[in-house]
Amino acid sequence: MKTITSRMRTGLALGTAIVLGALAACSQGNGTSTPAALGTPEGTPRDPSGPFAPAPSHLRRLTESQFQHALFDIFGDDVSIGLAPDPDVIVEGAASVGSSVSALSPRGVENLEAIAYDIGKQLTSSDAVKARFASCLTGSIDEACLRSIATKYGRRVWRRELSADEITALVTTGLNAGTMLQSPVQAVRFLVGAMLQHPEFMYRNEIGSPIQGNATQLRYSDAELASRLAFFLWDGPPDETLLDAVKNGEFAQPAGVTAQVDRMIADAKAARGLRAFTDEWLHLRGLQDLSKDTTIYRSFNTEVGPAAREEILLNVKRIVLDKKADLRTLITGRETHVNRKLASLYDVAAPSQTGFGLVTMPADVPRVGLLGTIGFLGANSHPTGSSPTKRGIFIREALLCQKIPLPPANVNTAIPEVTGERKTMRERLIAHQEVSFCAGCHIPIDGVGLALEAFDGVGAFRKTDNGATLDLSGVLDGINFTGSEELAELVARHPDFPRCVAQNAHRLAFGHTTTESEQADLDGLTTSFVSSGHRLDLLLRTIALSDSFRIAATPAAGE
Amino acid sequence: MPLTKLNRRTVLRGLVGGAAVSIALPPLEAFVNSSGTAYADGTPFPKRFGIFFWGNGVIPSRWAPTGEGANWQLSEELTPLAAHKADINVLTGFKVNAKNDRPHGSGPAGLLTGSGLVNDVYVGPTVDQVLARELGGDTRFRSLEFGVQRSTRSISYASPTQMNPIETSPAALFNRLFGDDFRAPGDSSGPDPRLALRKSVLDGVIAQTTALKARLGASDKTRLDQHLEGVRSLERQIERLQSSPVNLAACARPGSPLPDYPDIAGRQQLSAISHAMSDLVAMALACDQTRFFFDMFTQPLTDILIGTSAAGHHQLTHDEAGDQPQVNGILVTIMQEFAYLLEALKRIPEGSGTLLDNCVILGTTDCGFGRTHQLTDYPLIVAGKAGGALKTGLHVKSTTDENASKLMLTIVNAIGLRRADYGLNEAKTTERLLAIEAT
């Protein structure tokens, strides 16, 4: 199943949301310029931005990955953690937005309890873990030992310093359990169980406080800012160093914050933050369940989807964190990370026996960048064949942030069958476009996706479709082109691309789709992203250090 | 209290003479009245409600039965339900009166919440959760959500932003229902002392959450209230475990399902998984572990490969030409699995009838005709008699696009929630579907 990647619409059917805007992409695209020299496509016209004002903040529920990272970071990566209590709620196509509006379901609350006690059990079971976590644990119930655990781990779990009363309450829970069950181990388990079920573990306590003389804005405390930074840049909670920096007053000076942000971006955990960004931006999570009809795609198996996701995540990491390069090379570059399975599907030599290695795609195959990956091509296809429509929609919605309306209900959406004179998908879709009702949207969508028909429903290169030669011409926002390489160039230089990247980063940081009053902020982020040479690492840093990341609108009544 | 509280006291009240504390496994007959419709003291059997859901609609021309009223013949797609024809009603010609702006999304939202999606979000809890919230407090689990197609997602919502995740591993569902915490009938050991400690921790969570709430804006307060509702429901679950297990004759810990059902040639073993899930939920109801369930056989808009179909289900509904023989075959397969669920419920005796007699099981999907996403001719099957509140064995045919909310209003009342209306705006109705109500 490819429920998430194939189309944000899938999420909709599951009760989640997308905001529909102008149908810009449906009213343009009949471009007639000559293909000889590729120009710059037209961007989406946009009204000038009004003055900046922050949006209200909301309590954010930990996402699935943040939940898992928190437990690993706090208790060590040898604890075993299954699923998060609840799946992410996808709103407006994004888990980060869903995290700002959702609460745990009753089942999620039940799961959280089970996980909390299971962690407590793991921390007191194996000798190695016990030695690290609770070395003070002896054969008798020891209040001082419980206090030391509550003191050390409480601030990590709740991401702030605890009051003396709060520590005592945790210790008391442990003592009661230990006494009633006559077990020092149970004392620790119940202490941990109580700590992890506290609402400030599952919900990020970034609330903000009134600013003197300003009735409309709240300002985050240093501890709250640290939490925001950590979840944005690391997709996980603050570490000891960050909590200590807050405790020692280092956040009082901007230089103190800058030093921590630079440390965090240089830390290995920044790769996790980037994964969360990339997963959400490129809809990669659906790849975990990618399925294809293996009677048609014989080399496909269930390893392919997760590997294809990893390929893209590794490519983004290489470009953004390792090479600190232009993000557009993700779209136009020929280097990619593959494992043996992907290498065989791409028909290149495997770079290593195990794991992933870097390869350069051969120049005689039109496979470049993101649009040449299985994580894009295979995900945006049917189980039994390619889908220029799904591919076109992905390019417009995910890469250019253009809005495409859903197909209207009560229409016959059947694509004509393969016949003697209508063999290729292009010929079938063009027959579909002859219905003028469908053409308004399908021409600008399919006009992009059809240029990628040299790749089948998994993403393997092909020269023919049902025996017929392929026509790979396309048109994108006024520019005619041919084939995937020219399409990649056009997408990378499209004026909507940098703003779309900035919009994705902004959404991840703030937990909502950029509001009207924040457009001015987005203008500034886009300009600085472009002038930095399309450096995503610098874009994330700019957001982290921005004034707007420290403030929120005071919630109005009813908000 | 509209529904029976099936605790130990109720059971003992049902015992002849009431002097039988030492009885380990009394025969079912001891509990029931002479006509077999209730316990000996007259309290009726609990009523249960379940939904069996699949994605992508049907082919209405191959779905609708011929004939109507009590005199009707199953259609091709409904043939697998032949053994249950007397226990089901099939409704045709009904319409979900929601704005159809989200293919595969508007239909279930309109049917289950009584409103289409607003800003693409459900407007409120789905009907299974409305019932569970009002009537599900007496059992260990307020409701159970599970599925067959691999996913964690459902369309069962406790509130607009609280989607109930589903369990799709039979082994995991077994562990939740019948694992260590389960106490079989006749288990006379005292409650686990850890239960009281767990409850005390949850009391603390309620206090902490209430304190946090005080610092928040209105919408975040509401979210934490939703969280608190989950905490309280967990507390009730623990209280149920602390009381002695109900001694229900048909209840026993079932055998454990297979640990894993690996895919075969890229296809999930849907039938084997669905059978295991159906067996488990039937026993969960028999043991009164829950009274409400949502079975997501497949997801809305699913493109899963089903049976021997040559393409994904959703793709076929749009691309398959003619009268869509492959889509038709998929529907027959899905109805076979629905039939198995009903069979599993009927296998369990309850009073003079079966467990199914005390249920309402709604079989439905995400649109009328998969090819067009229409909300007319909405597929609706109602199985079970709700303890005598409903008649079965009927084909109720509407020629006027009647509002499907009428059925929902009838179901809600039949299960025991007294409501005068169902739905919002154009989907709202105050009329029940009298044709299937027992007089």
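A note on names: the letters A, B, ... follow the listed sequences, proteins ahead of strands, and every chain is numbered from 1. This one's a predicted model, so the numbers in the text were calculated from it and none came from an experiment.
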message: Can you confirm if the aromatic rings of A:H382 and B:H318 lie within a centre distance of less than 6.0 Å?
response: no
Partners meeting ring-ring contact (aromatic ring centres under 6.0 Å, His included) with A:F67 (sequence neighbours left out): A:F201
task: Please flag which part of A:E166 lies under 4.5 Å from any non-hydrogen atom of chain B: side chain, backbone, both or neither.
output: neither
message: Less than 6.0 angstrom separating the ring centers of B:F294 and B:F146, yes or no?
response: no
task: Pick one of side chain, backbone, both or neither for B:I206, based on which atoms fall under 4.5 Å of a heavy atom in chain A.
output: neither
Salt bridge present between B:R223 and B:D220 (N-O < 4.0 angstrom): yes
query: Looking at the rings of B:H314 and B:H104, which for Trp means the six-membered one, are their centres under 6.0 Å apart?
result: yes
message: What part of A:Y117 gets within 4.5 angstrom of chain B, counting heavy atoms only: side chain, backbone, both, or neither?
response: side chain
task: Examine whether an atom of A:F300 lies under 4.5 Å from a heavy atom of chain B, and if so say whether it belongs to the side chain, the backbone or both; otherwise answer neither.
output: neither
message: Need one label for A:I207: side chain, backbone, both or neither, based on atoms under 4.5 Å from any heavy atom in chain B.
response: side chain
- prompt: Which residue pairs pass the salt bridge (charged side-chain N to carboxylate O under 4.0 Å, His left out) test when at least one of the two sits in residues 201-213 of chain B, sequence neighbours left out?
  reply: B:K213-B:D225
task: For chain B, find which of A:S100, A:S387, A:G385 contributes the most heavy-atom pairs closer than 4.5 angstrom.
output: A:S100
- line: Bottom line for B:Q237: the part with an atom under 4.5 Å from chain A's heavy atoms is side chain
message: Under 4.5 Å from any heavy atom of chain B, what part of A:L181 do you find: side chain, backbone, both or neither?
response: side chain
- prompt: Side chain, backbone, both or neither: which part of B:A109 has an atom under 4.5 Å from a heavy atom of chain A?
  reply: neither
- line: Whatever's closer than 4.5 Å to a heavy atom in chain A on B:F141 counts as side chain
- prompt: Is it true that A:R107 and B:E167 make a salt bridge, defined as a side-chain N closer than 4.0 Å to a carboxylate O?
  reply: yes
